[in-house]
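FYI, side chains are in, hydrogens and waters are out, and symmetry mates aren't considered; it's all heavy atoms of this structure. Since the model is a prediction, treat every value here as computed from it, not as a measurement.
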Number of protein chains: 2
Amino acid sequence: MTSGSFPKPEHDHQRCVARLVRHAEQLCIKAGVRLTVQRLAILKIIGSSHKATGAYDVLEVMAKQGQRAAPVTVYRALDFLISVGLVHRISSLNAFIACHHSHGSNPVQLLICKACGGVGELELPAVTRALKEAAGKAGFSVDEPVVEVTGVCAHCCAA
Amino acid sequence: MTSGSFPKPEHDHQRCVARLVRHAEQLCIKAGVRLTVQRLAILKIIGSSHKATGAYDVLEVMAKQGQRAAPVTVYRALDFLISVGLVHRISSLNAFIACHHSHGSNPVQLLICKACGGVGELELPAVTRALKEAAGKAGFSVDEPVVEVTGVCAHCCAA
DNA sequence: TTTGTAATGTTATACTATTGCATTTGTTAT
DNA sequence: ATAACAAATGCAATAGTATAACATTACAAA
Ligand SMILES: [Zn+2]
Ligand SMILES: [Zn+2]
Ligand SMILES: [Zn+2]
Ligand SMILES: [Zn+2]
């Protein structure tokens, strides 16, 4: 992934999720961390759509699937998934989105469609650089930029 | 205000708050909206520091001042203050910061010091432009970018 | 004054997230 | 193998953030 994209409504989502799972497995092996059944289950739930998913939405789905769990369980799994880069937190929505990419340690910019709820990603080093530079001029040492852009996606613009 | 700044710890804060109040009064007159006592009181509380302030922090202060209020009261005032540009919401902290500037409709980038909790502002049209352009290439029409950068401010870097 | 709108009050509730401690599971070293 | 340790999970309670619904009051214009 070089620059970014917004999920197309017509894509083969079965395949999309399958790829996400493979990606997660490989990534966790390489990082030497444990992708437990529970963590994978929660990743699948979040990855089951390209829309922002709340922690309690995940809980609901788990309950429907018969694997009832406590909130803290979900939050712990989310912490893990975020730490390894398989999930992004969306601060402005108190929600989460599965990440299908490999950003390494590069910050990401999220595109959030107000109309359909879809979430896309950009990876713009220029933006990160500009922020670091401007902050640096004020003596501010940047740790982690949160960039979340609300708007309307191409598909919803048309309609 | 052209580009940005981070609040200096040593500044004359009395004067700083007084300026904020004048700014608020003028702005509300010009906009033809009502800056009620309550709204002003809440703005003053938020503006009483350059750190992020939570809604329930505001409530606590109000209680101490004898003007006990319900959460919804604070949230309504905050909605108002945000809508006229006197307060910025900090999504990543679920908190708020008073705005001493006049951005017009230009988006702002917030600098949040992890060490002291101080919050500064940047106004970087280049960042906004870069986001709009990159989003536009994906057919995404930008409404409102949320840019919040955590890190360590100059003062805390030294220490 | 009447009338309509904006602001506030009141109560309850919804939604989001963490703490603390007990237990289990998996890994590593003997 | 098994002891010892660390990571992950289970469980219950609670903390923290935000809104809904409806009644009332304050203000401004007609
Ligand atoms: Zn998909
Ligand atoms: Zn991503
Ligand atoms: Zn859309
Ligand atoms: Zn500002």
Side-chain angles (χ1 to χ4, degrees), chain A residues 24-25 28-29 31-46 51-63 65-84 86-97 112 117 146 148 150, chain B residues 24-25 27-29 31-46 51-63 65-84 86-97 112 117 146 148:
Chain A
E25 283 164 345
C28 286
I29 287 172
V33 293
R34 281 154 59 184
L35 183 62
T36 63
V37 265
Q38 192 150 213
R39 288 167 171 175
L40 181 57
I42 288 171
L43 175 63
K44 275 183 189 165
I45 291 169
I46 294 173
K51 308 188 179 187
T53 305
Y56 283 76
D57 295 337
V58 174
L59 277 168
E60 251 182 62
V61 175
M62 289 181 82
Q65 293 177 353
Q67 43 183 327
R68 196 168 297 277
V72 71
T73 300
V74 171
Y75 281 104
R76 283 196 284 226
L78 285 170
D79 285 346
F80 168 83
L81 293 169
I82 290 170
S83 74
V84 297
L86 285 167
V87 162
H88 297 299
R89 176 186 189 86
I90 309 175
S91 292
S92 57
L93 298 179
N94 291 321
F96 306 86
I97 189 84
I112 305 161
V146 172
E148 299 171 4
T150 59
Chain B
E25 283 163 346
L27 190 154
C28 286
I29 288 171
V33 294
R34 281 153 62 182
L35 184 62
T36 63
V37 266
Q38 193 151 214
R39 287 166 172 178
L40 182 57
I42 288 171
L43 176 63
K44 276 183 187 165
I45 290 170
I46 293 173
K51 307 188 178 185
T53 305
Y56 282 76
D57 296 337
V58 173
L59 277 168
E60 253 182 57
V61 175
M62 290 181 80
Q65 292 178 353
Q67 43 183 327
R68 196 168 296 278
V72 70
T73 301
V74 171
Y75 282 103
R76 284 197 280 226
L78 285 169
D79 284 346
F80 168 83
L81 293 169
I82 290 169
S83 74
V84 296
L86 286 166
V87 162
H88 297 300
R89 175 186 190 88
I90 310 175
S91 293
S92 57
L93 298 178
N94 290 320
F96 306 87
I97 189 83
I112 304 162
V146 171
E148 300 171 6

A:F96 CZ to A:I42 CD1 distance, which is reported to the nearest 0.5 Å: 11.0 Å

Distance, rounded to the nearest Å, where B:D79 contributes CG and D:dT17 contributes P: 16 Å

CD on B:Q67 to CD1 on B:I45, rounded to 0.5 Å: 6.0 Å

Touch class at under 4.0 angstrom, heavy-atom based, for B:R76 against every strand present: base

Touch class at under 4.0 angstrom, heavy-atom based, for B:R68 against every strand present: nothing

Donor/acceptor link under 3.5 angstrom from A:Y56 side chain onto base of C:dA14: no

Atom pair distance, as rounded to whole Å: CG in A:D57 and P in C:dC15: 10 Å

Rounded distance [0.5 Å steps], CG in B:L93 versus NZ in B:K51: 13.0 Å

Side-chain heavy atoms of B:L86 within contact of B:I46, under 4.5 Å: no

Interatomic distance where OH belongs to B:Y75 and C1' belongs to D:dT19 [whole Å]: 9 Å

Euclidean distance, atom CG of residue B:L93 to atom P of C:dT16 [Å, nearest integer]: 18 Å

Pairwise side-chain contact, A:S91 with B:V146, heavy-atom cut-off 4.5 Å (strictly under): no

Touch class at under 4.0 angstrom, heavy-atom based, for A:A70 against every strand present: nothing

B:P71 or B:R34, whichever maps to the more 5' nucleotide of DNA chain C: B:R34

Gap between atoms CG and P, on B:L40 and C:dA7 respectively (whole Å): 15 Å

B:R39 CZ - C:dT8 P separation (whole Å): 5 Å

Under 4.0 angstrom between A:N94 side-chain N/O and C:dC15 OP1 or OP2: no

Closest to side chain of B:T36, choosing from C:dG9, D:dT9, C:dT8: C:dT8

Atom pair distance, as rounded to whole Å: CD1 in B:I90 and C1' in D:dT17: 15 Å

Rounded distance in Å - CD (B:Q38) to P (C:dA6): 18 Å

Candidates C:dT18, C:dG9, D:dA18 - which lies nearest the side chain of A:V72: C:dT18

